[in-house]
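Step one of this worksheet: look at the structure below.
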Amino acid sequence: MNLPQYFCAKKVANRGTIFLDETAELSLDLQAKLLRVLQEKEVEQLGSNRLKKIDFRVIATTNRNLSLEVEKGNFRSDLFYRLHIFPMQLPPLRLRENDVILIAEQIAKQVCTKIGTTFKGFSNASKKVLLSYAWPGNVRELQNLIEQTLIQNRGEIENLRPGFQPVSDDIPLKADSFEDIVNADNLKEITLEDIDLRTQELEKAYLYAILTHTKWRVSGRDGAAALLDVKATTLEYRLKKLGISRKSS
């Protein structure tokens, strides 16, 4: 199904609102088709070769800087200006302390409804974690962590452990804290090279955990790159540099 047909296939498209998530992931070919729909406001109805006028509102989202993507040639400038009518920028979770717990509670209630249990609230320790953690994966990471914790603990959240929380027993490396590695008794024995090596081990453990959870899917909406809020190409480069592959797991 091409993009114009998609618009018409949805009964709510005409005189309704369409939400386009991860707009920056559209290929240049689909960008051209989307631009045509936005400019002409007409599509081909499924099973017909006749054009039909439609009236709709579009809300498009992305976690990338589209201005930079335009400069790199990854995103059409004409489509960018067509979408950039009323831009809104949402700050990351780490800058929204007043919202984190409210968002987390809403996610938890939705998850509990889905798994058929009752949400019993967050402990004070978990609330401190919610407010102090940087959430590099933003809402997706928060949702993933809460869903995983609720499933494992039957609706109770006593202790959230983001970042290095194990999601599989098959993770080859364990993430020790630096306090356990460096102390007053061994300062002369530890070198910067040792620290760099340990940092790589911690990063590999974290990436292994993320990839195991996403079933080694790197790109896409449910991939590791989206969870980490980085470009798929950036993550692939990092994995290659660290020697991480599914064969090595």
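In what follows, residues are counted from 1 in the order of the sequence shown.
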Just by distance, do the side chain of T234 and the backbone of V230 share a donor-acceptor pair under 3.5 Å? no
Test item: L28 and N74 side chains (from C-beta on) under 4.5 Å apart, heavy atoms: no
How far does CD1 of I107 sit from SG of C112, to the nearest 0.5 angstrom? 12.0 Å
What pair of heavy atoms forms the shortest contact from A24 to L66, and how long is it? CB-CD2, 3.8 Å
Assess whether side chain to side chain contact (heavy atoms under 4.5 Å, CB included) is satisfied between N63 and N138, documenting all intermediate values. CA-CA 10 Å; N63 61 358; N138 285 312; over 6 Å; no
Testing the basics here: between Q31 and L26, what is the closest heavy-atom pair and its distance to 0.1 Å? NE2-O, 2.9 Å
From CZ (R238) to CG (L228), nearest 0.5 Å: 12.0 Å
From CG (L34) to CG (D29), nearest 0.5 Å: 11.5 Å
Mind listing the closest non-hydrogen atom pair of A224 and L235 along with its distance? CB-CD2, 3.7 Å
Using a 4.5 Å cut-off on heavy atoms from C-beta on, say whether the side chain of R57 contacts that of F19. no
If you round to the nearest 0.5 Å, how far is CG of L35 from OG of S77? 9.5 Å
Measure the spacing between CD1 of I103 and CZ of R96 and express it to the nearest 0.5 Å. 4.0 Å
For L68 and E71, what are the C-alpha separation, side-chain angles and deciding distance, and is it a side chain to side chain contact (heavy atoms under 4.5 Å, CB included)? CA-CA 5 Å; L68 294 179; E71 294 179 4; 3.9 Å; yes
Indicate the atoms forming the closest heavy-atom contact of W135 with L130, along with that distance. NE1-O, 3.0 Å
Salt bridge between E22 and R140, side-chain N to carboxylate O under 4.0 Å? yes
Student check: side-chain heavy atoms of Q110 and Q143 closer than 4.5 Å: no
Okay, side chain of K231, backbone of E236: is any donor-acceptor separation there less than 3.5 Å? no
Would you say that I101 contacts L131 through its side chain, given a criterion of any heavy-atom pair below 4.5 Å between the two side chains? yes
List the atom pairs, donor and acceptor, that lie under 3.5 Å between side-chain atoms in residues 78-93 and the rest of the protein, sequence neighbours left out.
unit_1 : atom_1 : unit_2 : atom_2 : d
D78    : OD1    : R76    : NE     : 3.1
D78    : OD2    : R76    : NH2    : 2.8

For E25 and R64: C-alpha separation, side-chain torsions, deciding distance, then whether salt bridge (charged side-chain N to carboxylate O under 4.0 Å, His left out) applies. CA-CA 9 Å; E25 302 297 330; R64 298 189 188 181; 2.9 Å; yes
Hey, mind stepping through F56 and L38 against side chain to side chain contact (heavy atoms under 4.5 Å, CB included) and telling me if it holds? CA-CA 9 Å; F56 56 90; L38 294 178; 3.8 Å; yes
Heavy-atom pair of closest approach, residues G223 and T214: C-CG2, 4.0 Å
Exceeds 12 heavy-atom contacts within 6.0 angstrom, atom CD of E97: no
Tell me the closest heavy-atom pair linking D55 and K41, and the distance in Å. OD1-NZ, 3.9 Å
Heavy atoms, side chains only, cut-off 4.5 Å: are T117 and L150 in contact? no
Measuring from Y237:OH to L242:CG, what's the distance to the nearest 0.5 Å? 9.5 Å
Side chain of T23, backbone of T61: donor and acceptor closer than 3.5 Å? yes
Is there a path of hydrophobic side-chain contacts, each under 4.5 Å between heavy atoms of I, L, V, M, F, W or Y residues, that connects W216 with L239? yes
Is there a path from L51 to I54 through hydrophobic residues (I, L, V, M, F, W, Y) whose side chains come within less than 4.5 Å of each other? no
Counting distance only, does the side-chain N/O of S132 pair as donor-acceptor with the main-chain N or O of K128 below 3.5 Å? yes
Any chance you could lay out the salt bridge (charged side-chain N to carboxylate O under 4.0 Å, His left out) test for K114 and E147, step after step, and finish with the verdict? CA-CA 10 Å; K114 184 167 61 174; E147 185 168 5; 3.2 Å; yes
